[in-house]
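In each ligand, atom 1 is the first atom listed, and ligand 1 is the first ligand listed.
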Amino acid sequence: FKQSNIRNFSIIAHIDHGKSTLSDRLIQHCGGLADREMAEQVLDSMDLERERGITIKAQSVTLYYNAADGESYQLNFIDTPGHVDFSYEVSRSLAGCEGALLVVDAAQGVEAQTLANCYTAIEMDLEVVPVLNKIDLPQADPMRVAEEIEDIVGIEAVDAVQCSAKTGIGIDDVLERIVRQIPPPGGDAEAPLQALIIDSWFDNYQGVVSLVRVKNGILRAGDKMKVMSTGQVHQIDKVGFFSPKATETGILRTGEVGYVIAGIKDILGAPVGDTLTLAKNSAVGALPGFKKVKPQVYAGMFPISSEDYENFRDALGKLSLNDASLFYEPENSSALGFGFRCGFLGMLHMEIIQERLEREYDIDLITTAPTVVYKVLRTDGKEVSVDNPVNLPPVNDIDVIYEPIVEAHILVPQEFLGNVITLCVDKRGVQTSMNYHGKQVAVTYELPMAEVVMDFFDRLKSTSRGYASLDYQFKRFQEADMVRVDILINNERVDALALITHREHSQTRGRQVVDKMRELIPRQMFDIAIQATIGNHVIARSTVKQLRKNVTAKCYGGDVSRKKKLLQKQKEGKKRMKQLGNVEVPQEAFLAVLKVG
Ligand code: GTP
């Protein structure tokens with residue numbers, strides 16, 4: 001394909017604005033799939049994504065389009081995730097593109113998350129093409145939304161293309177805009193090979209598969225390639241693109257996007273953001289990679305059965321290959337045994353990793369309550385990072401604790417502004433700006449990260465009937481009066497249950513956690529005392545009373561199926577229990593802190 005007839009693009013869209021539907025339409029329109037295969041949305045490839053209806057990993061599709069100008073074009077579409085936790089992956093996908101479609105629901109308008117990704121695209125010098133979707137809806141108001149795009153995003157949108165991914169109206173126009181507005185890729189076909197690794201994943205049969213964008217030169221099966229950061233040389237086995245099925249071509253030229261398989265077995269052999277070149281006639285320099293993202297939330301993960309430990313470690317290794325933001329290191333808990341301290345971008349990221357470990361790798365886990373990273377200045381003048389409440393130095397050794405503060409951008413319709421402000425104040429937020437854009441208000445708050453990562457997003461959604469949207473990033477560390485609250489079960493301190501909280505909230509938090517745990521820990525043959533303490537000071541206590549009667553006795557002789565159900569329920573409950581001394585504690589109890597406040 002002529003380089004001038006290639007277009008590489010991504011879609012930026014807020015969750016539910018129709019990105020998956022639109023991409024399926026584009027694929028269908030270009031004949032990538034038979035109608036039968038369209039039944040399922042194709043780009044969200046992992047089961048988990050399909051179930052949750054969100055896009056997590058970058059994927060690509062190569063399409064052929066015969067445009068109105070009589071030319072045939074190769075369109076490489078790189079998918080991006082839409083959730084606030086995954087914005088770093090967006091910049092990764094954008095690095096392979098010259099343009100991006102900004103898809104906005106013509107009934108809903110602009111949302112904060114779209115905004116942040118859009119600015120990233122503009123910063124990266126991409127051509128941003130606004131697309132107003134869902135114009136079939138009676139409440140669609142494309143003129144208002146176009147104005148909103150101009151006003152809030154700051155790009156021209158009066159003649160934005162209008163379409164309905166659902167009915168198919170305007171899909172031709174979208175394709176024409178891609179061809180006309182997005183520039184073809186630059187790059188020198190004669191220069192030494194430089195290919196950017198956009199994503200890598202592990203395939204049990206093929207080894208490591210990498211999605212790459214060829215920036216200069218040509219990538220050919222049979223050649224020997226070099227991974228620039230490690231200097232390792234591999235023979236290229238297979239090269240091709242996804243259409244969306246893997247299609248072997250044996251060659252990828254300058255400007256193209258596709259996959260490379262080179263028999264790399266070591267999962268760290270093809271890191272995301274790295275540059276591939278040829279072993280002979282190597283490029284002199286690597287391409288600029290991606291910003292390293294740091295995990296913001298840490299939690300302990302422990303296999304319920306210690307036999308799973310090795311599998312667990314391998315699984316984490318595989319998952320972290322195409323998820324540079326997943327961090328892990330061994331952790332040993334006296335309550336939960338051997339496991340890993342894992343770092344995540346946010347709560348959704350944590351839940352997804354946990355679910356993937358359980359589903360794809362069949363490992364049952366106990367996860368401890370997540371925590372952010374605190375900086376602690378000790379009285380001896382040393383500064384330490386604390387990502388685990390257990391490692392908070394003794395009170396007498398602490399000079400100052402600093403907590404991470406984020407800058408949160410919230411877009412909300414005026415009618416819900418009051419609710420949002422109340423929520424932010426409740427979460428120790430400080431307002432830094434507020435601007436009206438038509439019906440929408442853009443507010444900025446500085447908030448403790450600890451408050452934001454937990455349940456803030458859900459609370460924000462429920463307090464605004466789903467209309468408010470959020471984007472945030474780390475701003476700075478700030479002195480804060482934090483304390484560690486320990487939880488004792490039958491007078492034994494359980495390390496995995498400790499939490500760090502603001503002193504002002506510590507009494508209530510302690511009380512709430514203890515109460516919640518009393519509900520969550522099943523009754524046993526003896527009383528179970530649950531206490532919350534700060535140092536030696538007990539701030540809350542509660543008791544799980546001993547079991548009096550056989551639980552099933554009540555319905556015995558009566559409804560047999562009900563009894564069966566009850567037993568079944570108990571059995572399922574068992575699976576995710578951990579024996580602490582002689583007390584059985586369910587997974588939920590370890591996350592009790594998330595269920596309160
Ligand atoms: P993520 O994958 O989570 O980022 O969501 P998404 O942006 O891909 O949204 P998706 O394509 O799954 O669409 C969300 C909902 O909007 C689905 O119920 C679609 O059927 C619906 N939808 C998408 N496009 C249109 C449209 O043009 N008109 C109407 N009426 N509904 C649409």
Student: Counting from 1, what ligand 1 atoms have a heavy atom of His17 closer than 4.0 Å?
Tutor: 7 (O)
Student: Against heavy atoms of Ser20, which atoms of ligand 1 measure under 4.0 Å?
Tutor: 2 (O), 6 (P), 8 (O), 11 (O)
Student: Where's the contact between Ala13 and ligand 1, heavy-atom distance under 4.0 Å: side chain, backbone, both or neither?
Tutor: neither
Student: Taking distance alone, with N or O pairs closer than 3.5 Å, would you say Leu137 contacts ligand 1?
Tutor: no
Student: Do Thr367 and Gln354 meet the criterion of a side-chain donor-acceptor pair at a distance under 3.5 Å?
Tutor: yes
Student: Under a 4.0 Å heavy-atom limit, does Asp16 contact ligand 1 with its side chain, its backbone, both, or neither?
Tutor: both
Student: Below 3.5 angstrom, do we get any N/O pair linking Gly18 and ligand 1?
Tutor: yes
Student: Do we see a donor-acceptor contact under 3.5 Å between the side chains of Asn8 and Asn76?
Tutor: yes
Student: Could you tell me whether Asp136 and Lys166 make a salt bridge, using a distance below 4.0 angstrom between a side-chain N and a carboxylate O?
Tutor: no
Student: Which atoms of ligand 1 sit under 4.0 Å from any heavy atom of His14?
Tutor: 7 (O)
Student: Considering Lys166, Arg25, Lys134 one by one, which has a heavy atom nearer to atom 15 (C) of ligand 1 than any of the others?
Tutor: Lys134
Student: For Tyr467 and Glu111, test the side chains for any donor-to-acceptor distance below 3.5 angstrom and give the result as yes or no.
Tutor: no
Student: With a cut-off of 4.0 Å, which atoms of ligand 1 are near a heavy atom of Ser164?
Tutor: 26 (C), 27 (O), 28 (N)
Student: Considering the options Leu22, Leu75, Thr62, Leu63, which one meets the side-chain contact (heavy atoms from CB on, under 4.5 Å) requirement together with Ile27?
Tutor: Leu63
Student: Throw together a table of side-chain donor-acceptor distances under 3.5 angstrom for residues 434-441, partners on residues two or more places apart or in other chains.
Tutor:
unit_1 : atom_1 : unit_2 : atom_2 : d
His437 : ND1    : Asp151 : OD2    : 3.3
Gln440 : NE2    : Val110 : O      : 2.8
Gln440 : NE2    : Glu148 : OE1    : 3.3

Student: Using a strict cut-off of 4.0 Å, indicate which atoms of ligand 1 neighbour a heavy atom of Asn133.
Tutor: 24 (N), 25 (C), 27 (O)
Student: Apply the side-chain contact (heavy atoms from CB on, under 4.5 Å) test between Leu101 and each candidate in Asn133, Ile12, Val174, Val128; give the one that qualifies.
Tutor: Val174
